[in-house]
Number of protein chains: 2
Amino acid sequence: MKTLIREKRTEKNMTQEELSQALQVSRQTIISLEKGKYKPSLVLAHKLSQIFECSIEDLFIFEGDENIQGLH
Amino acid sequence: MKTLIREKRTEKNMTQEELSQALQVSRQTIISLEKGKYKPSLVLAHKLSQIFECSIEDLFIFEGDENIQGLH
DNA sequence: AATATATGTAAAGTAACCTTGACATGCGAT
DNA sequence: ATCGCATGTCAAGGTTACTTTACATATATT
């Protein structure tokens, strides 16, 4: 899975610290998400999409078996 | 958080077993999701939205602090 | 009455998400 | 040169998602 979190964040001129506070998570969580260390929970993905004013599907790119078989 | 998984599934005349196979998860996972016992991972939510041909935001209703502060 | 199908519960284990805290690096400003 | 800010690493621990297995219930069919 790929994510556009960093791109969207810098477009908005936000620091990791600011984003973490808006989401009410630790800054470490932002770092890990941006670096692809792990995938956000559904709720966190939703909050990110609210902040960046886009859909969840716009923020994340699902690859391979992250899609259902036969699609994409 | 509320989910429309059960409604969408029955609309499609699918059993829990069929849905679980399409998603490649256990039937127990479907039961737990439908009953609201826990929230799906982002990838699972995405797969569900593919099967039901809708957006993730259409499948799940976020409440209270599952939205960012000041919104909704 | 017995069998099949769909749905449900419970328990115990593994893996992933997320946290806190401490410390390191690069860079621009004073 | 050093101070502050933004970013990063590492490690340990808690919570939650998800699995497997086994068993229970309701309904419909034969």
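Lettering follows sequence order; numbering is per chain, from 1. Below, each value reflects all heavy atoms present in this structure, side chains not excepted, and no hydrogens, waters or symmetry copies.
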Could you tell me which residues satisfy side chain to side chain donor-acceptor pair (under 3.5 Å) with [X], sequence neighbours excluded, listed by chain and number?
X       : result
A:Glu18 : none
A:Gln24 : B:Gln69
A:Glu57 : none
B:Lys8  : none

To the nearest Å, how far apart are [X] [atom1] and [N] [atom2]?
X       : N      : atom1 : atom2 : result
A:Ile31 : D:dT9  : CD1   : P     : 7 Å
A:Gln21 : C:dC18 : CD    : P     : 18 Å
B:Glu34 : C:dG8  : CD    : P     : 7 Å
A:Glu66 : C:dA16 : CD    : C1'   : 14 Å
B:Asp65 : C:dC18 : CG    : P     : 14 Å
B:Lys47 : D:dA17 : NZ    : P     : 17 Å
B:Leu19 : C:dT7  : CG    : C1'   : 14 Å
B:Lys35 : C:dG8  : NZ    : C1'   : 7 Å

How close do [X] and [Y] get, heavy atom to heavy atom, and via which atoms?
X       : Y       : result
A:Asn67 : B:Gln50 : OD1-NE2, 2.9 Å
B:Ser49 : B:Ser55 : CB-C, 3.9 Å
A:Ile30 : A:Ser20 : CG1-CB, 3.6 Å

Any residue meeting salt bridge (charged side-chain N to carboxylate O under 4.0 Å, His left out) with [X], in chain and number order, not counting sequence neighbours:
X       : value
B:Lys2  : B:Glu63
A:Glu34 : A:Arg6, A:Arg9
B:Lys12 : B:Glu53

Exercise. Which parts of residues 7-18 of chain B get close to DNA chain C, meaning a heavy atom less than 4.0 angstrom away?
Worked result: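 Within this stretch, B:Arg9, B:Thr15, B:Gln16 sit under 4.0 Å of the strand.
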
Exercise. Any side-chain N or O of B:Lys37 less than 4.0 Å from the OP1 or OP2 oxygen of D:dA17?
Worked result: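 No, B:Lys37 has no side-chain N/O under 4.0 Å of OP1/OP2 on D:dA17.
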
Just distance, no hydrogens or angles: give the donor-acceptor pairs under 3.5 Å from side chains in residues 38-45 of chain B, sequence neighbours left out.
{"from": "B:Lys39", "atom 1": "NZ", "to": "B:Glu66", "atom 2": "OE2", "distance (Å)": "3.0"}
{"from": "B:Ser41", "atom 1": "OG", "to": "B:Leu44", "atom 2": "N", "distance (Å)": "3.2"}

For this session: Go along nucleotides 20-30 of chain D 5' to 3' and tag each nucleotide: B for a protein heavy atom under 4.0 Å from its base, S when only backbone or sugar atoms are that close, - otherwise.
Result: B----------

Exercise. In residues 38-46 of chain A, which residues come under 4.0 Å of DNA chain D by heavy atom?
Worked result: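 Going residue by residue through residues 38-46 of chain A, none turns out to have a heavy atom under 4.0 Å of DNA chain D.
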
